[in-house]
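Numbers restart at 1 for each chain; the letters A, B, ... are given by sequence-line order, proteins then strands.
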Amino acid sequence: MLIQLTDIKKVFNQGRPNEFWAIQGVSLEFEPNRVSCLKGASGSGKTTLLSMIGCLSRPTSGRIQLGERVISSLPERFLTDVRRHTFGFIFQRFNLISGLSVLENIMLPAYPLGLPYKRLVATALHLLEQFNLLAKADNPVEWLSGGEAQRVAICRALINDPQILIADEPTANLDSKLSYEFMGLIDELRQSGKTILITSHDPEVFDSAVVDRVVEMHDGVVLT
Amino acid sequence: MMWLFLRKQKYLIDFTLSSLLRRKGKSLGLLAVYTLIVFMLASVTLFTHALRKEAGLMLQASPEIIVQRMQAGRHALIPADYLQRIGRLRGVTQKEGRLWGYYYDPAVKANYTIMTAGQVAAPLTEIIIGTGIARARGLVVGDYLTLRSQNGEAYSFEITELLNEKSELVSADLLLMSPQAFRRLFNIPEGFYTDLVLSVRNPREVRKVAEKLTLLLPDTRPILREEVLRTYDSVFSWRQGILFVLLTGSILAFVIFAWDKASGLSAEERREIGILKAVGWETADVMRMKFWEGMIVSLSAFLIGYLAAYAHVFYASASLFEPVLKGWAVLYPQFRLTPFVDGLQLATLLFFTVLPYIVATIIPIWRTSITDPDAVMR
Amino acid sequence: MRKSNTFLACVFLLLVGCIATLVDATHRKHLAVSDVESGTALVRQFGLTDLALFTEARYTRHLSQSDLHSAFQDHPVALEHFPSGSLLLPPQRMQ
Amino acid sequence: MLLNPAIMALLLVSIVVCSMLMLASGFAIQVLRHWDIESGSERQLGLERRTYLISTLLIWAFSFELMSLLLFIYNAESMSGQFVGAMCATGVLNVNGWGWPTLFLKIAVFFSGAVWLALNYLDNQGYDYPVVKYKYRLLLAILPLVVAEFILQLLYFTNMDPDVITSCCGTLFSSQAEGVAAEVSGLPPRNMMLVFILIGVIVIVSGLRVALRVRGNWFFALLGGAAFVVALMSIVSFVSLYIYEHPHHHCPFCILKSGHDYVGYILYVPLFIAAALAMSVGALSSWRDKPSLTLTVNRVIPRLSWIAVIFFALFYLAAGWSIWASNLTMAEVW
């Protein structure tokens with residue numbers, strides 16, 4: 001699914017003294033089935049841009065087109081629907097919910113869809129098997145190591161079988177060996193047909209051979 | 001369509017239970033307080049309602065009209081010739097004088113209600129007593145009870161019978177003796193009664209009879225059975241009401257507690273909501289999840305509280321209320337109430353307990369649910 | 001077992017308990033018919049007018065028969081000296 | 001009479017519902033003033049989030065209101081012992097002039113709430129919130145009803161004087177008595193029965209037409225309302241007579257009691273549901289032309305009308321059955 005951004009602007013605290021233009025007119029296009037990386041220092045607006053693409057927030061002005069559909073003017077109610085069917089998210093600190101088991105964490109994004117329970121569990125177990133986590137299915141997530149938590153986060157992102165994966169600083173909490181492994185997983189996902197968007201200022205990521213395209217951002221505008 | 005809806009709700013319940021279990025102490029504390037409140041209110045409701053129904057049923061048989069003579073605003077003995085003065089009132093099928101009064105027994109510091117009965121075999125020496133008196137004085141059939149008369153003489157009476165213990169709610173403190181013994185004990189001359197009792201067959205005529213009586217005998221006041229029943233009816237709902245008002249304090253405290261719990265989210269919980277929204281939960285899903293949280297707590301509390309109250313009132317004879325009802329009285333009837341439960345009681349209870357909780361949490365829940373989904377990325 | 005199933009099972013049990021109270025109430029009402037009848041018989045026989053719940057004073061014992069000038073009853077809605085009096089509203093016509 | 005727990009509960013519900021609606025209306029006014037779906041500004045985002053709160057508040061408010069309607073009738077029933085001559089709920093409602101108006105307002109609030117919730121559902125299906133302004137204007141129109149209900153109910157309960165002699169259903173509904181209720185029961189049962197059957201047939205046929213062809217929605221909605229009124233009048237005028245098997249007992253509430261096998265619930269519940277659904281069909285059908293709603297409306301309306309038709313049919317079957325199974329013969333009375 002092609003993602004087109006046209007003149008995207010995003011302002012926080014509009015009309016107040018601390019008004020802040022996080023994104024100041026960005027036009028971009030992301031091809032399907034590629035790995036793209038948004039690179040830039042923290043505060044450059046890459047995360048804000050990614051959250052707008054991922055339907056987590058709405059641009060103040062501009063137009064985001066996802067395939068045939070314009071999503072930039074959709075209210076939150078409907079954005080969510082687009083989001084949960086199209087995007088899978090991997091967050092910086094993995095953001096697993098502690099106290100729940102690995103299996104429950106993975107199934108969380110599918111809860112509002114109301115799939116039959118057995119089918120959902122089967123899908124989740126299949127994913128766990130794929131990522132070598134089957135033995136940990138019933139453990140609470142607090143017991144996991146960093147690498148395992150990362151893989152659980154990927155499983156969670158994949159539970160609804162999204163076309164596009166969004167990873168926000170995925171390697172920030174990993175050592176270089178685990179980061180390398182992570183990029184390997186990303187490569188596998190790309191080969192299975194997913195489109196992947198990553199933000200990072202980690203050279204392990206944007207210099208990786210897996211990444212097809214690097215977009216550099218600074219102060220809310222695209223440099224390259 | 002319906003199955004989809006039910007499945008969604010089950011997933012939400014799954015998640016809610018997990019998060020409640022994670023904060024076991026807090027959730028159980030809330031549940032305990034809530035259950036206690038439901039238990040108290042339900043006990044009051046069930047108890048007073050059952051008492052009201054029981055009183056209504058039993059007193060259905062009490063006399064239609066009682067005529068008391070008032071002298072200087074006080075209840076006085078009524079001369080027997082008032083029966084003649086009443087004459088033949090249309091609708092009155094029967095009229096007779098009653099003798100009854102109170103006897104203070106210094107031995108146990110109790111007030112007995114003494115009534116007269118015609119069918120005592122040996123009029124001057126035999127009495128029938130209620131089980132409450134028997135218990136207080138440790139008396140059995142065949143024992144003697146000595147009562148001091150008005151002029152200081154002591155009379156001994158043999159107890160020939162105890163009143164049926166099943167009727168203790170009306171008869172615990174009754175002492176039945178013959179009219180002769182009563183007159184001798186209290187020094188009441190022949191030709192006087194405590195009050196008169198009239199039977200009226202047609203209930204529609206009772207008021208008319210009463211109006212005629214007040215014209216005919218201006219120094220008397222008629223007390224109608226329906227008035228008595230109505231009074232008891234309102235007395236018990238009034239009493240229930242006043243207890244509810246008193247318990248409103250605890251309900252309010254609880255509501256504030258619930259509000260506080262719902263609005264004072266920890267950073268951890270806020271992050272969790274953010275994650276849920278980021279991974280694809282819609283605001284409405286989060287609200288529904290929080291709604292289930294309230295539902296799980298209030299439903300459990302309501303059902304457990306109600307069941308406990310039922311057991312307390314109808315199987316443990318409302319033992320927690322006994323000290324309150326008993327007050328300073330020595331003779332307290334032992335009774336097991338017949339359960340009367342109706343939809344109105346349950347609905348009222350529901351409104352008093354579940355509704356404030358729901359209302360108190362709506363806005364905090366909404367505030368939580370509108371957390372920005374991209375909050376976790378910042 | 002899935003948590004929601006456990007919970008729904010518990011709620012179901014509690015609901016069954018609640019329905020059981022209704023059944024129990026009807027059942028005991030039938031059992032108590034004779035008790036109530038013995039009470040009613042006594043009421044009819046002696047023309048009783050009140051429950052023997054509050055026996056500490058004359059006017060609390062026969063609430064419907066008490067007059068305006070019983071001891072301590074200074075004011076119809078004055079707070080009562082007796083604990084039970086605080087629970088009872090004076091008879092309607094005395095207000 | 002204010003210290004009766006059920007009365008306190010009813011007043012509590014009224015106060016709560018009133019304040020919930022006022023709160024919601026306050027928000028609704030802001031939405032009406034600043035709504036701009038095209039904008040992605042923070043204010044618009046805030047307003048959109050407010051709609052969740054308003055919906056939740058109103059869903060609860062209207063469900064409380066429904067429960068309070070039931071409680072109101074139960075309570076009237078249970079208080080009949082405390083009034084001279086009031087033998088059932090009718091007598092208690094007659095204790096003063098506010099009883100019946102309160103009941104009618106409660107019913108009105110029930111129906112407007114049902115219609116509002118239907119619109120709210122519809123609005124949440126369209127990606128551009130097409131009904132939003134209309135929906136909130138309707139909310140502002142419902143608010144006075146709820147406030148009036150609160151005031152009337154308060155007047156009703158505070159003006160209850162337990163010593164007033166009120167007429168019980170026996171005397172109230174005898175044909176000589178005056179007032180609305182008496183006029184209803186004085187209607188010639190034979191004509192009433194004809195109207196009852198006629199409107200029953202028409203409403204079911206028109207409902208089927210909506211369900212199958214999505215035609216004549218407004219006609220069905222209006223008929224649903226009319227059928228509701230006629231049904232209530234018929235219950236007072238002749239259905240109740242057959243249930244009580246007594247030629248002069250017209251009370252519409254006693255049929256809810258156990259003595260009559262709770263047959264009232266089988267009559268009233270389907271009737272209320274069916275009428276509410278029929279009215280909702282009318283409210284929804286005017287939004288068929290909105291591009292973002294056409295699909296939803298075309299999907300929802302037949303479904304709603306099917307359910308409405310089924311419940312109307314249930315009601316008429318229940319009414320017919322209770323007349324047929326009755327031992328009462330009206331031959332001499334008519």
For chain C, the option from B:Ile304, B:Ile13, B:Val170 that forms the most heavy-atom pairs under 4.5 Å | B:Val170
Could you give the distance from CG (B:Leu174) to CZ (C:Phe46), rounded to the nearest 0.5 Å?
-> 7.5 Å
For chain C, which of B:Ile66, B:Thr113, B:Asp195 has the most heavy-atom pairs under 4.5 Å?
-> B:Thr113
Rounded distance [0.5 Å steps], CG in B:Leu346 versus SG in C:Cys18 = 8.0 Å
Determine the option with the most heavy-atom pairs under 4.5 angstrom with chain B, choosing from C:Asp24, C:Val11, C:Asn5.
-> C:Asp24
Segment of B:Asn164 engaging chain C (4.5 angstrom heavy-atom cut-off) = side chain
Can you tell me how far NZ of C:Lys3 sits from OG1 of B:Thr16, rounded to the nearest 0.5 angstrom?
-> 10.5 Å
Between the CG atom in C:Leu14 and the CG atom in B:Leu299, the distance rounded to the nearest 0.5 Å is 8.0 Å
Contacting moiety of C:Leu31, where chain B heavy atoms sit under 4.5 Å = neither
Among B:Asp342, B:Leu163, B:Leu21, B:Ile296, who wins on heavy-atom pairs under 4.5 Å with chain C?
-> B:Ile296
How far does OG of B:Ser167 sit from CG of C:Leu42, to the nearest 0.5 angstrom?
-> 4.5 Å
Examine whether an atom of B:Phe314 lies under 4.5 Å from a heavy atom of chain C, and if so say whether it belongs to the side chain, the backbone or both; otherwise answer neither.
-> both
Which bit of B:Leu307 is near chain C, if near means a heavy-atom gap under 4.5 Å: side chain, backbone, both or neither?
-> side chain
Contact class of B:Val197 relative to chain C, heavy atoms under 4.5 angstrom = neither
How about B:Lys166 and C:Ser34: do any of their side-chain heavy atoms sit closer than 4.5 Å?
-> yes
Is chain C contacted by the side chain of B:Leu224, its backbone, both, or neither, given a heavy-atom distance below 4.5 Å?
-> neither
Option in B:Leu51, B:Leu57, B:Leu169, B:Val341 with maximal non-hydrogen atom pairs under 4.5 Å from chain C | B:Leu169
Side chain, backbone, both or neither of B:Met58 within contact of chain C (heavy atoms, under 4.5 Å) | both
So, the side chain of C:Arg44 versus the backbone of B:Leu59: is there a donor-acceptor pair under 3.5 Å, distance only?
-> no
For B:Pro339 against C:Lys29, the heavy-atom pair lying closest together | O-CE, 3.1 Å
Does a sphere of radius 6.0 Å around CD in B:Gln9 hold more than 12 heavy atoms from other residues, nucleotides or ligands, not counting ones at 6.0 Å or beyond?
-> yes
Hey, what do you get for CG (B:Leu303) to OG1 (C:Thr21), rounding to the nearest 0.5 Å?
-> 10.0 Å
Please lay out, stage by stage, how C:Thr40 and B:Gln60 fare under the test side chain to side chain contact (heavy atoms under 4.5 Å, CB included).
-> CA-CA 8 Å; C:Thr40 318; B:Gln60 215 49 258; 5.6 Å; no
Is the shortest heavy-atom distance from the side chain of B:Trp100 to the side chain of C:Leu48 under 4.5 Å?
-> no
For B:Ser300 and C:Phe7, what are the C-alpha separation, side-chain angles and deciding distance, and is it a side chain to side chain contact (heavy atoms under 4.5 Å, CB included)?
-> CA-CA 10 Å; B:Ser300 319; C:Phe7 170 72; 4.0 Å; yes
Between B:Gly130, B:Ala110, B:Ser18, which shows the greatest number of heavy-atom pairs under 4.5 Å with chain C?
-> B:Ser18
Before giving the answer on side chain to side chain contact (heavy atoms under 4.5 Å, CB included), spell out for C:Arg2 and B:Lys10 the whole-Å C-alpha distance, their side-chain angles and the decisive distance to 0.1 Å.
-> CA-CA 10 Å; C:Arg2 210 177 147 192; B:Lys10 272 186 79 180; 3.8 Å; yes
Would you say B:Lys95 has more than 12 foreign heavy atoms packed within less than 6.0 Å of its NZ?
-> yes
In terms of heavy-atom pairs under 4.5 Å with chain C, which of B:Phe15, B:Tyr315, B:Trp292, B:Tyr112 leads?
-> B:Tyr315
Please check if the side chain of B:Arg98 supplies one atom and the backbone of C:Gly47 the other of a donor-acceptor pair under 3.5 Å.
-> yes
